[in-house]
Visitor: 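Please see the structure below; I have some questions.
Nothing here was measured: the structure is a model prediction, and the numbers come from that model.
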Amino acid sequence: MSPDRPYHHGNLRQAVLDEAATVVRDRGASELSLRELAATIGVTHAAPRRYFPGRQDLLDAVAVEGFARLGARLREAVEASPDYRKQIRSVARAYLEFTISEANLVELMFAHKRGAGGRAVGESAVAAFTPMLQMFRRGQAEGMLAHDDPERIGLIFLATLQGLAGLVNCGVVPAGRLDALLDDAVARFPHGP
């Protein structure tokens with residue numbers, strides 16, 4: 001082993017995850033290679049396998065981190081406004097900004113193959129969307145939302161936002177039209193019993 005390619009790295013697991021996230025963001029998950037990541041980080045090609053035995057393990061870990069980042073943004077959006085109606089718009093805006101700016105990551109998060117880390121990915125997805133569900137439960141408790149299943153409403157809300165983001169990401173809808181479409185989408189959610 002040459003001195004310029006050491007096996008040990010300060011925090012190899014995080015370095016691999018960070019570099020993998022960059023590759024996914026810039027080029028897509030299909031371009032992810034453990035060997036290439038090792039070379040970029042400056043460790044032996046076997047070193048990342050200590051934490052990620054296979055490519056799918058790494059993809060699952062990147063998806064888990066992606067959901068954690070999304071969940072943090074949604075929590076911030078909920079906490080930014082005490083008003084339920086403003087929360088809906090704030091959460092919608094935060095979700096769209098994330099999914100448009102991180103299109104390749106979001107594609108991975110929702111389309112991963114559910115390898116050995118599939119359970120962790122699923123749990124991180126549930127945790128990420130908890131602030132949205134809590135928002136709808138609060139709206140229901142305050143009489144601002146029809147007495148319907150908050151999970152069902154959350155799924156419809158999420159599907160609407162995901163659809164808008166997908167249309168922007170593939171170029172069907174120009175980004176300049178997003179604000180008006182966001183207003184229309186948010187207005188379609190029930191605001192009363």
Side-chain angles (χ1 to χ4, degrees), residues 1-81 87 90-135 154-155 158 161-162 164-166 168-170 175:
M1 194 174 317
S2 69
D4 55 329
R5 296 210 43 198
Y7 180 85
H8 296 289
H9 189 281
N11 186 352
L12 180 59
R13 183 180 192 284
Q14 194 58 52
V16 171
L17 277 172
D18 291 346
E19 187 59 32
T22 299
V23 170
V24 168
R25 182 187 63 239
D26 295 345
R27 300 181 353 223
S30 64
E31 297 297 315
L32 193 62
S33 158
L34 282 168
R35 186 175 289 271
E36 182 183 318
L37 290 176
T40 301
I41 294 167
V43 296
T44 66
H45 71 275
R49 293 193 184 277
R50 180 176 189 189
Y51 299 101
F52 308 104
R55 185 174 179 277
Q56 188 61 51
D57 300 303
L58 179 56
L59 290 172
D60 288 344
V62 171
V64 165
E65 281 207 348
F67 276 119
R69 288 178 45 217
L70 174 60
R73 292 224 187 142
L74 295 178
R75 267 189 308 283
E76 290 169 6
V78 167
E79 293 168 0
S81 177
Q87 278 181 347
S90 179
V91 165
R93 168 61 62 197
Y95 186 82
L96 287 172
E97 286 174 357
F98 185 88
T99 55
I100 290 170
S101 68
E102 297 283 354
N104 288 333
L105 175 60
V106 171
E107 181 180 341
L108 170 66
M109 289 160 53
F110 285 100
H112 68 88
K113 304 292 184 206
R114 300 239 184 230
R119 180 181 203 136
V121 175
E123 290 170 356
S124 66
V126 169
F129 294 115
T130 296
M132 188 183 291
L133 181 59
Q134 291 170 337
M135 175 186 71
L155 285 172
L158 177 61
L161 298 177
Q162 187 66 24
L164 285 174
V168 170
N169 286 338
C170 73

Visitor: Write down the atom of A61, the atom of L17, and the distance for their closest heavy-atom approach.
Guide: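 The pair with the smallest heavy-atom distance is CB-CD2, 3.5 Å.
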
Visitor: Less than 4.5 Å apart, any side-chain heavy atom of V62 and any of L108?
Guide: yes

Visitor: Quick one: does any side-chain atom of S124 pair with a main-chain N or O of A68 as donor and acceptor, under 3.5 Å?
Guide: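 Here the side-chain-to-backbone pair does not exist.
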
Visitor: Looking only at heavy atoms, which two atoms of V78 and Q87 are closest? And how far apart?
Guide: O-NE2, 2.9 Å

Visitor: Report yes if the side chains of R69 and L105 come closer than 4.5 Å at any heavy-atom pair, otherwise no.
Guide: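 In short, these two side chains touch, coming nearer than 4.5 Å.
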
Visitor: Is the shortest side-chain heavy-atom distance between Y95 and Q162 below 4.5 Å?
Guide: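 SC-SC contact between Y95 and Q162 confirmed.
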
Visitor: Between the main-chain N or O of V126 and the side-chain N or O of T130, is there a donor-acceptor pair closer than 3.5 Å?
Guide: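 At least one qualifying donor-acceptor pair exists.
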
Visitor: Heavy atoms only: give me the nearest G66-F98 pair and the separation to one decimal.
Guide: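 Looking at all heavy atoms of both residues, the closest pair is O-CZ, 3.7 Å.
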
Visitor: Is there a side-chain contact between L158 and F129, using heavy atoms and a 4.5 Å cut-off?
Guide: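 Contact flag for L158/F129 side chains = yes.
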
Visitor: Could you tell me which non-hydrogen atom of T99 sits nearest to which non-hydrogen atom of A165, and how far apart they are?
Guide: OG1-CB, 3.1 Å

Visitor: Would you say V43 and P48 make side-chain contact, with heavy atoms under 4.5 Å?
Guide: yes

Visitor: Give every residue pair that meets the side-chain hydrogen bond (donor to acceptor under 3.5 Å, both in side chains) criterion with at least one member in residues 13-28, sequence neighbours excluded.
Guide: Q14-D18, Q14-E65, R27-E36

Visitor: Grab the two heavy atoms, one from P131 and one from R75, that are nearest each other, plus how far apart they are.
Guide: CG-CG, 3.3 Å

Visitor: Is the shortest side-chain heavy-atom distance between L59 and F52 below 4.5 Å?
Guide: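 A side-chain contact under 4.5 Å is absent here.
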
Visitor: Side chains of L58 and Y51, heavy atoms from C-beta outward: is any pair under 4.5 Å?
Guide: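 Side chain of L58 against side chain of Y51, heavy atoms only: no contact under 4.5 Å found.
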
Visitor: Mind checking whether V16 and L12 have side chains closer than 4.5 Å, heavy atoms only?
Guide: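 Yes - at least one pair of side-chain heavy atoms lies under 4.5 Å apart.
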
Visitor: With distance as the sole test, does D57 use its side chain to make a donor-acceptor pair with the main-chain N or O of G54 at under 3.5 Å?
Guide: yes

Visitor: Let me confirm one number: the CG-CD distance from N104 to E31, rounded to the nearest 0.5 Å.
Guide: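 Taking CG in N104 and CD in E31, the distance rounds to 10.0 Å.
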
Visitor: Which heavy atom in V121 sits nearest to a heavy atom in M109, and how many Å separate them?
Guide: CG1-O, 4.4 Å

Visitor: Is it true that E97 and R73 have a side-chain N and a carboxylate O under 4.0 angstrom from each other?
Guide: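 Looking at E97 and R73, the cut-off is not met.
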
